[in-house]
Amino acid sequence: MTPEELSKTIKKSLESLISAKKIAVKDIPEIKIERPKSKDHGDYASNIALMVAKPAGVNPREVAQLLVDELSKNQAFKKVEIAGPGFLNFTLESARLGEIVRTIIKEAINYGHTNTLQGQNINVEFISANPTGPLHLGHTRWAAVGDALARVLVASGAKVAREFYINDRGTQIDKFGISICAAANNEAIPEDGYHGAYIKDLATEIVKEKPEILKLSKDKQVIEFREEGYKKQLKQQQSVLDDFRTHFDVWYSERSLHSSGAVEKGLAVLKKHGHVFELEGATWLKTTDFGDDKDRVLIKADGEYTYFASDTAYYVDKRSRGFDVNIYLLGADHHGYVNRLRAVSACAGDDPDKNVEVLIGQLVKMLKNGQEVRLSKRAGNIITLEDLVDEVGVDAARYTLTRYPVETSLTLDIDLLTSHTNDNPVFYVQYAHARISAVLRAAVEKGIDWQKNTFNPALLITSQEAELLGALSEFPRIVAASASLREPHRVARYLEELATAYHSFYSACRVLPMDGELVTDVTNARLLLCAATRQVVRNGLDLLGVSAPEKM
RNA sequence: GCCCCCGUAGCUCAGUGGAUAGAGCGUUGCCCUCCGAAGGCAUGUGCGCGUGUUCGACUCACGCCGGGGGCACCA
């Protein structure tokens, strides 16, 4: 019996109590099942009696007693008890608890998938860096988290597009061109330009491929260097992300919004809803109508569209492509954007509470040699995605970055990560997977056909086995919660718990027969439990984009 | 001044209103003559402060205190 089935069973009992007029409740709340922290409280617990007691006007323990009377008829329970103020504690017959193994083996890679978000069309935009330099550590966090988020959303039945918005227009990219041009001509790079060493590399590379650029006028050179540099830098970002196993469905260029007429179209939509006005030669959007602290300029007095104009157009464009929910992953330095984005949505006639979701992530800090490393692309003193990967590898980098809720600031101590890589939780989880794989390999070598032999779940009776089975049954709810709360870190935390449960089980319960012993039904039951655990570990790691090695 | 995030164990951090608040690292001590010791078992200390909502608050609301970040016709 899975938690979902238990929930349904309780609901049925409650309904029959209501129709028998033993209790008066109008609306049955969602019946939550949790796994008690203490083993004394059984396999599962529910607080439903406490929830309905008040509206029914009865003592919670009385409600609990009525439910116990009803539920005790069910053969699946070994015990149903009332505890504390009115909790229901369920202890399942071990055969029923163990059935989850069969379910997992049968559903395989689909175990954990639900349809809780079915019918939703979600756009997840993340990273969206300027193509003017390498991706830094902040971007890396979004790469890991954004991708993992997209994966849990898909696993929960949503239709998802991962999108990267390329800021290829405006002053930043112009400065980028000026900087490369200066480097190519051995001139000093302007103070507000880009100073990273990669600028010089780009300059050298471009000059080598197209030496004739240097013969052009300075104005034309700047443009050429900008365009060539842009192409190369974008390609570099794309290839780095590819290696990082973060793949985008759409790379959306800001320039294309302008060339396709999307900007004018967006403006028209906003005008239609009556929130655009002119003042002192500029065109404004009245975002203060919807909670922004000041109105925003769409077209400057000199006729240039602002970056904000692109943003509004991009939003309107996303909506016209059918996305109901638009998730933005932004750094804390962009939090001033939230009200603006929500206001844009409202100005376009949408409901920001429904159509816009902004996840603000705190910045990643990094310590090296005990000192904080400042992340600044402009200063050139940056830790890039590649640096991190070179130090700790893709798996450890992705796992470490997805392990924490995004709203907490993160301090990575590089010295610690590099010198103690074995202490990284990702290895703990991966090790469980490798360990199980080794056991299953050994079983095959011994000629045990555990997949064909009969499985008797009633034989999984030790406390470690019960614990492991309980953890396995939680996975689908963890994935669904990660998706609906937009918190993929829950998957990582869950995997650590699952790995702990497995390692405990492994130490306490011998799986394969010792020399001279025979293969028993217990052997088979445990082997299947191992196989099921491996499947769940694998499914979970996959949601995080982390590999599940069979050997380490 | 206004806005956002965070204050939980010595350190880094979990904890969608529920029972005795948890991991890892660090400390100390056990467990491999047989499935992977990158493991297991044991070992003390803690929710910044104060009101309120609730049967019940680390969790929600308000106010303090402390730390971080942000407030452009920049992108």
Side-chain angles (χ1 to χ4, degrees), chain A residues 32 34 36-38 40-41 45 47 50-51 53-54 59-60 83-87 89 130 132 167 169-175 192 254 279-284 293-294 296-302 304 306-308 310-311 331-339 360-363 365 403-413 416 420-425 427-428 430-432 434-443 445-446 464 477 481-482 484-485 487 489-490 492-493 496-497 499-500 502-517 523 526-527 530 551-552:
Chain A
K32 285 185 190 166
E34 58 181 30
K37 288 166 198 157
S38 162
D40 302 336
H41 297 144
N47 64 350
L50 294 160
M51 302 286 286
K54 195 165 195 182
N59 184 308
F87 290 103
N89 291 337
N130 291 332
T132 55
N167 293 133
R169 192 173 172 281
T171 57
Q172 290 309 317
I173 192 141
D174 288 341
K175 284 177 186 169
D192 64 347
E254 184 184 357
L279 181 70
E280 292 168 3
T283 303
W284 299 66
D293 22 326
K294 59 198 294 186
R296 307 290 168 177
V297 173
L298 290 163
I299 306 173
K300 294 189 266 185
D302 63 9
E304 274 286 305
T306 61
Y307 180 86
F308 179 65
S310 303
D311 275 358
D333 53 337
H334 283 70
H335 99 264
Y337 256 40
V338 179
N339 283 337
I360 292 296
Q362 296 301 308
L363 300 180
K365 274 193 242 167
R403 201 175 164 250
Y404 304 95
V406 290
E407 67 268 16
T408 57
S409 58
L410 192 56
T411 306
L412 298 179
D413 188 331
L416 202 89
H420 297 91
T421 49
N422 289 353
D423 296 333
N424 193 306
F427 291 107
Y428 183 76
Q430 286 184 317
Y431 179 64
R435 203 180 208 186
I436 299 169
S437 299
V439 173
L440 296 179
R441 276 195 302 272
E445 278 165 26
K446 281 177 183 275
Q464 288 84 1
R477 289 188 308 147
S482 297
S484 65
L485 297 169
E487 293 182 351
H489 76 274
R490 286 167 187 277
R493 298 293 171 162
E496 288 163 34
E497 273 176 39
T500 298
Y502 182 78
H503 288 313
S504 257
F505 154 78
Y506 183 86
S507 306
C509 305
R510 175 83 199 184
V511 178
L512 295 172
M514 307 270 255
D515 283 346
E517 286 184 355
T523 310
R526 288 181 175 170
L527 278 169
C530 287
K551 288 180 185 172
M552 292 173 72

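Within every chain, numbering begins at 1; the chains are lettered A, B, ... in the order of the sequence lines, protein sequences first and strands thereafter. Everything quoted here is computed from the prediction, not taken from an experiment.
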| field | Whole-Å distance separating the CD atom of A:Glu407 from the C1' atom of B:G70 | value | 17 Å
| said: Expressed as a whole number of angstroms, how long is the span from A:Glu496:CD to B:C13:C1'? | reply: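 Whole-Å distance recorded here is 10 Å.
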Which of these nucleotides, [options], is closest to any side-chain atom of [X]?
{"X": "A:Ser507", "options": "B:C73, B:G40, B:C35", "answer": "B:G40"}
{"X": "A:Trp284", "options": "B:C41, B:C73, B:G36", "answer": "B:C73"}
{"X": "A:Ala301", "options": "B:C6, B:C73, B:C34", "answer": "B:C73"}
{"X": "A:Val297", "options": "B:C73, B:A38, B:G18", "answer": "B:C73"}
{"X": "A:Arg493", "options": "B:A19, B:G39, B:C13", "answer": "B:C13"}
{"X": "A:Phe427", "options": "B:A38, B:A14, B:C35", "answer": "B:A38"}
{"X": "A:Thr171", "options": "B:A72, B:A14, B:C74", "answer": "B:C74"}
{"X": "A:Arg435", "options": "B:U12, B:C74, B:G36", "answer": "B:G36"}
{"X": "A:Asp40", "options": "B:A72, B:G40, B:U20", "answer": "B:U20"}
{"X": "A:His489", "options": "B:A14, B:A75, B:C73", "answer": "B:A14"}

| request: Assign the ring pair A:Tyr506 / A:Tyr502 to parallel, tilted or perpendicular, where the plane angle (0 to 90°) is split at 30° and 60°. | output: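 Tilted: the ring planes of A:Tyr506 and A:Tyr502 meet at 30° to 60°.
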Watson-Crick or G-U wobble partner for [N], using a 3.5 Å limit on both distances?
{"N": "B:C60", "result": "B:G52"}
{"N": "B:A72", "result": "none"}
{"N": "B:G46", "result": "none"}
{"N": "B:G7", "result": "B:C65"}

| task | For B:C32, measure the glycosidic angle (O4'-C1'-N9-C4 for a purine, O4'-C1'-N1-C2 for a pyrimidine) and name it syn if it falls within 90° of 0, otherwise anti. | result |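 Syn for B:C32; the angle stays within 90° of 0.
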| said: According to salt bridge (charged side-chain N to carboxylate O under 4.0 Å, His left out), who are the partners of A:Asp333, at least two apart in sequence or on a separate chain? | reply: none
| field | Shortest non-hydrogen separation from A:Glu304 to A:Arg169 and the atoms involved | value |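 Here A:Glu304 and A:Arg169 meet closest at OE1-NH2, 3.9 Å.
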| Within the side chain of A:Thr306, is there an N or O that forms a donor-acceptor pair under 3.5 Å with the backbone of A:Val297? | yes
| query | Is there a side-chain polar atom (N or O) of A:Lys37 under 4.0 Å from OP1 or OP2 of B:G22? | reply |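 Result: no.
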State whether the distance check finds a donor on one side and an acceptor on the other, under 3.5 Å, for side chain [X] versus base [N].
{"X": "A:Asp333", "N": "B:A75", "result": "no"}
{"X": "A:Tyr506", "N": "B:A37", "result": "no"}
{"X": "A:His335", "N": "B:C71", "result": "no"}

| field | Heavy-atom check, side chain of A:Ile360 versus side chain of A:Val406, under 4.5 Å | value | no
| said: Quick check, does A:Tyr307 stack with B:C74? I mean ring centres under 5.5 Å and planes off by under 30°. | reply: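 One would not call A:Tyr307 stacked on the B:C74 base.
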